[in-house]
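Quick notes on the structure that follows.
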Amino acid sequence: MSSPDAIQLQKILCDTISREGAIGVDHFMSLVLGHPEYGYYMRRDPFGVQGDFITAPEISQLFGEMIGIWLVDMWMQMGQPEPFILLEAGPGRGTLMADILRVSKEFCAAAQIHLLEMSPVLGKKQKAALGAYKVNWHTGFSSVPDHAPIFFVANEFFDALPFRQFVYRGLPRWCERKIELDSNYKFTFVEHDCGSFDPVAGLNLSLPEIGKVVEISSERAEFMAQLARKIKVQNGAGLIIDYGHKFSGYGNTFQALYKHTKVDVLSHIGDADFTSHVDFAALKNVCTKFDIEVSDIIGQGDFLRNIGIYLRAEHLAKNASAQQRGTLEKSLHRLTYSGEMGTLFKVMGIYSHANTLNPAGFN
Ligand code: SAH
C-alpha cells in the first residue's frame, strides 16, 4: 500500500506522462525525490531503523570525526584562514556537521556554517542538531557567500542528484530509457531512439555489448562545476563521499531502497529512496577543467583507516562499557569492511593549489 503522499505523487507523475509523454530517469527522479509538496525527501526523515536506509554519520560519530580531522588538517595547512565558509551539501539530520564541529574549537570558532538542503523536514532536524551554532541554509549555490575560503563536504549527496540512462542497441544506435504508462496505467520502462546523439561521446569508453546501459548526469557535473569554480576562486578544500566507481563504465545501477531492502525502482514510487553509483571519474574531469587539484579516489575503508579511525576507536573504547565497546566494534566493521561500506563507498578529495597542500588519508 502506498502512503497518501506517494499516491499524490504517483498521480502527478501520471499527469506529467499523459501530458508530455514518457519521461527520462532524470525527470522521474527529480519529481519523485524533490517534488516541492510530495517528494520523498520533502516530507520525511528517511534515515535509521524506522526509515529506509542508514548513512555513515548515523552509524557512528567516528565517521564525522575522521571527516572533521581531514578538514581541520587542510585548514591548518592553508594557514587557518578566519573566517572561512564550512559548506555541507545534503546534510540529512545534521549529524555529520555536528560531529565535524566537535573536532577542533579553533576550527569551529572560525567557521561560518552553510548548509545546502532542499527538504524542509530535514532542515528542521538540522536546526535541532546544530542548535548551538549560527547556521545559514541555501537551496542552491548562488546565495553561498564568496568572501572567504570554502571547506566542503558531501556524504551520499551526489547519488541523490538525477541522471539519465542510455542503452546500447547496436551501431550507431543508443536509446534512452524512459518511464511510461502501460495500457493498465502501470509505470513501465520504454526505450526511445536517440538518433545521432551519442551519450558516451567525450568519455574514455569503448563501445559496449548490445544491451549495456550507461548513466550520465549533467546535474552532478553542473553541481561539481559550481563547487570547483568556488574552490578555484575562493581557495579551499572538500571531500566527496558516495557509492560509486573510480572509472567511468557501463552498468545499470539505478536502485530503490524501501525499509532497508532493495525493491524494484517502479514498485514503491514516493515511498522508497533512489540511489545510483556516482561516476567519480566524471566528477574528476570537471575539477580538472576548473584547474583544481583532485586526490586519488579510494575506498571509504582505506580512507578512514589512513586517517586513524582505529586509534580513535581504541581511545573511545578505554572509557566504554562492554556494551558500548560492542557497538563500536560493529560500527567500525560497517564503516570500513569490504563487504559493508568499505569498498563500495569512495572518497575523493578536492583542493585549490594556490597553497602547497598535502591531503591526508589518500596514501
Ligand atoms: N549526508 C546525509 C544525508 C544523505 S541523504 C547523511 O550522510 O546522513 C541526501 C540528502 O541530500 C538529504 O538531506 C536530501 O534532502 C538532500 N538533497 C537531495 N537532493 C538535493 C538537492 N537537489 N538539493 C539540496 N539537497 C538535496
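Side chains are part of it too, since the values below use all heavy atoms of this structure and drop only hydrogens, waters and symmetry mates. Owing to the predicted nature of the structure, the values given are computational and were not obtained by experimental measurement. Ligands are counted one by one from 1 in listed order, and the atoms in each one are counted from 1 as well.
- Nearest residue to atom 17 (N) of ligand 1 from Phe63, Phe158, Phe157, Phe223 is Phe157 (criterion: closest heavy atom).
- Protein heavy atom at the shortest distance from atom 3 (C) of ligand 1 is Gly90 O, 3.4 Å.
- For atom 19 (N) of ligand 1, the closest heavy atom belonging to the protein is Met118 CE, 3.4 Å.
- Taking every non-hydrogen atom of Phe47 and a distance limit under 4.0 Å, the qualifying atoms of ligand 1 come out as 3 (C), 5 (S).
- Around atom 16 (C) of ligand 1, the closest heavy atom drawn from Arg44, Glu117, Glu88 belongs to Glu117.
- Using modelled atom types and a 3.5 Å distance limit, the side chains of Gln77 and Asn358 yield no donor-acceptor pair.
- The six-membered or imidazole ring of Phe158 lies away from that of Phe280, with a centre-to-centre distance of 6.0 Å or more.
- Ring centroid separation for the pair Phe197 and Phe166 comes in under the 6.0 Å cut-off.
- For ligand 1, the atoms closer than 4.0 angstrom to any heavy atom of Ser119 are 15 (O).
- At least one heavy atom of Pro57 lies less than 4.0 angstrom from ligand 1.
- Counted by atom type alone, Ser276 and Asp159 present zero donor-acceptor pairs between their side chains at under 3.5 Å.
- Taking the six-membered ring for Trp, Phe274 and Phe28 have ring centres closer than 6.0 Å.
- Stacking of Arg177 on the aromatic ring of Phe189 is recorded, both the 6.0 Å distance cut-off and the 45° axial limit being met.
- Checked against the 6.0 Å centroid criterion, the rings of Phe107 and Phe84 qualify as a close aromatic pair.
- Ligand-side atoms of ligand 1 in range of Leu122: 12 (C), 13 (O), 15 (O), range being under 4.0 angstrom from any heavy atom.
- The environment of NZ in Lys232 is crowded: more than 12 heavy-atom neighbours from other residues, nucleotides or ligands sit within 6.0 Å.
- The heavy atom nearest to atom 8 (O) of ligand 1, out of those in Asp273, Thr55, Val121, is found in Thr55.
- The closest protein non-hydrogen atom to atom 7 (O) of ligand 1 is Asn155 ND2, 2.7 Å.
- The shortest N/O to N/O separation between Glu156 and ligand 1 does not fall below 3.5 Å.
- Considering backbone and side-chain atoms alike, Gly92 places an N or O below 3.5 Å from some N or O of ligand 1.
- Ionic pairing of Glu191 and Lys178 is not present here: no N-O contact between side-chain nitrogen and carboxylate oxygen is shorter than 4.0 angstrom.
- Contact annotation: Leu161 has at least one heavy atom less than 4.0 Å from an atom of ligand 1.
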